[in-house]
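Starting from 1, each residue takes its place in the sequence as its number. First listed ligand is number 1; within each ligand, the first listed atom is number 1. Reckoned from all heavy atoms, side chains included, excluding hydrogens, waters and symmetry mates.
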Amino acid sequence: MAVSRRAAAVKVPVEPAGSRLVIISNRVPSPRERGPRAGGLAVALQDAIRVRETLWFGWSGETAAPEAAARLVAQGPTTYATIDLAEADFRGFYRGFSNGMLWPLLHARVGLSEFRRSDLAAYMAVNERFAAALAPLLRADDTVWVHDYHLIPLGAALRALGVRNRIGFFLHVPFPPPALYECLPQGERLLRSFGAYDLIGLQTARDAGFLSDALAACGVARRARAFPIGIDPDDFAATARRSAGGRDTRRLVDSLSGRSLILGVDRLDYSKGIAHRIRGFAQLLRRFPQHRNEVTLLQIAPISRGDVPEYRSLRRELDELAGRVNGEHAEFDWVPLRYLTRTVPRNTLAGFHRHARVGLVTPLRDGMNLVAKEYVAAQNPEDPGVLILSRFAGAAERMEGAIVVNPHDPDEIAEALHQALTMPTEERLARWQSLRRSVWQDTAAEWARSFLAAIEVPREALAS
Ligand code: GDG
């Protein structure tokens, strides 16, 4: 008998009997935030850990004089363990090295990166502090899974304390080609620390290839592998169906007065290409005037990392651009661009996606991009909208059916928008069917299952 899709999505991951999963990420959701919240990592892990005894370790989000031991709070099958960071460590580790140096470098924006030796020292020290606070909590048969660019040296720091567990690492963001990675001072030191991991996962085959080559070049005998992250599409589709009839979506639909909705949803981050997207939209209005007064672009861009200077200047740039585009193109009864920097509740978002004729996802570089998958999952199967997707999102590697664009060219975005807005129903349906297959294949549950299955093999079989 065929297993229903729902049952397959929540299947318990393959695991040795009694073994616990230990997840380490920079941020652990605070008690108020435990549940769906903005941020791809948290959303994906919520789907993955529901069914297994889990210890989730990380920073509390507080800066205070740090104590040696982690604080533990149990909630269902998950225990959250958090530590505080001293203000200076936080600045150097988080704002400085992680978000001021690594994030731009890994997104191929070397020009935006800023290196300071003191930041690197804080980054290494915080990773050692994480290791020292986590090691006493570990049981011999725990599977340890470290997440993302903040914590690359954590595996090596744990090994230095004698931890012999299986330790896996997953990088949620892209990895750049050698000519860019080389710009990182002492970059080899970071690469060598990958040698501590039994399994290294990235989002795409392309990124895994770049990291594997970099590791080989500095003599680390490890190959990175691709594990494409996804969402819980059944859950998102059900939320979208429910929410499409709800108050917020009705208010939005009423306010559009029959105009087509183009939707963008992103953290306010320079990697997401929001300015390029707005310029592409303005180009649509200039070059294809039949859409004037017939479309609205709703851009939801909740403020993120507001204390990092680059993000403050991005915000100023977007405020100005949004004002200029509306000033130039608006009519007395139509404002083409609606731009929100506040967080919108997840179920409201799902309803908006369902109503949007076009999902516009144009990052300049993105590890995967879950918004593209959420847009697809939210569609009405009888009357689906069209996804426009940047070729530089990891999602583009396996989402045929989208209109794929190079976001650096506003004309290309304008042409894709015109194509999407005038696409015959038959083509819309065919494209969406193909997208649907990929979103229901590469789910969050499948991502976690396949990563854990690859690491929870007999020791001798763990690839070196
Ligand atoms: C990193 C990688 C990778 C956004 N605005 C609101 C809101 N969101 C939700 C979206 C989506 C999530 O946040 C964003 O996920 P993305 O994948 O698009 O991007 P990042 O945050 O940059 O995530 C990325 C991901 O990790 C997972 O590995 O795909 O490449 O950069 O779920 O819906 N949610 C709510 N209100 C908002 O206003 N509730």
Side-chain angles (χ1 to χ4, degrees), residues 23 25-27 29 33 35-48 98-99 102-104 106-109 145 147-150 169-175 201-204 206-207 226-233 235-236 239-240 243 248 263-274 277 298-305 311 338-354 356 359-378 387 389-390 392-399 439 442-444 446-448 451:
I23 288 170
S25 61
N26 169 52
R27 274 289 261 120
E33 295 168 322
R37 58 188 281 271
L41 171 58
V43 171
L45 285 176
Q46 289 294 341
D47 289 335
S98 297
N99 288 328
L102 280 183
W103 176 272
L106 297 175
H107 287 87
R109 298 292 291 276
W145 191 3
H147 289 265
D148 229 0
Y149 60 101
H150 314 84
F169 178 81
F170 186 80
L171 187 66
H172 290 256
V173 298
F175 195 85
L202 284 90
Q203 306 272 22
T204 64
R206 184 185 138 105
D207 292 334
F227 296 90
I229 203 168
I231 60 168
D232 178 343
D235 181 70
F236 204 79
T239 308
S243 168
D248 286 346
L263 182 62
V265 178
D266 315 78
R267 282 187 306 100
L268 190 77
D269 192 297
Y270 50 77
S271 67
K272 303 292 184 184
I274 302 170
R277 180 178 321 168
L298 172 59
Q299 175 63 53
I300 295 170
I303 291 168
S304 138
R305 303 175 193 166
Y311 289 74
R338 300 181 188 179
Y339 171 60
L340 278 68
T341 55
R342 121 173 63 91
T343 305
V344 171
R346 189 166 172 74
N347 54 353
T348 301
L349 268 187
F352 288 3
H353 277 306
R354 193 172 176 93
L360 189 52
V361 183
T362 57
L364 304 179
R365 197 64 68 173
D366 216 330
M368 177 56 66
N369 193 295
L370 296 179
V371 173
K373 301 192 175 196
E374 290 165 353
Y375 178 73
V376 170
L387 175 67
L389 182 60
S390 163
F392 304 119
E397 199 170 82
R398 291 160 67 92
M399 289 183 82
V439 171
D442 296 340
T443 60
E446 177 54 23
W447 165 73
F451 188 92

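- Set against the non-hydrogen atoms of G367, the atoms of ligand 1 under 4.0 Å away are 30 (O).
- Within the model, atoms OG1 of T239 and CZ of R354 stand 11.0 Å from one another, a figure rounded to the nearest 0.5 Å.
- Residue V173 has no nitrogen or oxygen atom sitting less than 3.5 Å from a nitrogen or oxygen atom of ligand 1, judged on distance alone.
- Checked options W447, F169, F227; the residue passing with W145 is W447 (criterion: ring-ring contact (aromatic ring centres under 6.0 Å, His included)).
- Taking a cut-off of under 4.0 Å to the non-hydrogen atoms of E374, the atoms of ligand 1 that pass are 10 (C), 11 (C), 32 (O), 33 (O).
- The parts of V371 lying near ligand 1 are both backbone and side chain, judged by heavy-atom distances below 4.0 Å.
- When side chains are defined from C-beta on, Y375 does not count as touching V361, because their heavy atoms never get closer than 4.5 Å.
- Polar contact with ligand 1: present for H172 (N/O pair, distance under 3.5 Å).
- To the nearest 0.5 angstrom, T443 atom OG1 is 8.5 Å from K373 atom NZ.
- Note that the CG atom of D207 and the NE2 atom of H172 stand 13.0 Å from one another [nearest 0.5 Å].
- Near Q203, the atoms of ligand 1 lying under 4.0 angstrom from a non-hydrogen atom of the residue are 3 (C), 28 (O).
- In the vicinity of R267, heavy-atom distances shorter than 4.0 Å reach the ligand 1 atoms 20 (P), 21 (O), 22 (O).
- Side-chain atoms of P174 and F392, non-hydrogen and from C-beta on, never get closer than 4.5 Å to each other.
- Looking only at side-chain heavy atoms (C-beta outward), R305 and R267 come within less than 4.5 Å of each other.
- Y311 and L268 get closest at one heavy-atom pair: CD2-O, 3.4 Å.
- Two residues are said to be in side-chain contact when any heavy atoms from C-beta on lie closer than 4.5 Å; R346 and F236 meet this criterion.
- Listed by atom number, the atoms of ligand 1 under 4.0 Å from R346 heavy atoms are 32 (O), 33 (O), 39 (N).
- Ligand-side atoms of ligand 1 in range of P302: 5 (N), 6 (C), 37 (C), 38 (O), range being under 4.0 angstrom from any heavy atom.
- Residue W103 places no N or O, backbone or side chain, under 3.5 Å from any N or O of ligand 1.
- Ring planes of F170 and F451: perpendicular class, angle over 60° (limits at 30 and 60°).
- Within ligand 1, the atoms closer than 4.0 Å to a non-hydrogen atom of K272 are 18 (O), 19 (O), 20 (P), 22 (O), numbered from 1 in the order shown.
- Polar contact check, M368 against ligand 1: a nitrogen or oxygen pair lies under 3.5 Å apart.
- Between V344, N347, L349, it is V344 that holds the heavy atom closest to atom 39 (N) of ligand 1.
- Taking every heavy atom of V265 and a limit of under 4.0 angstrom, the matching atoms of ligand 1 come to 4 (C), 5 (N).
- For atom 17 (O) of ligand 1, the nearest non-hydrogen atom from the set D366, V361, L370 belongs to L370.
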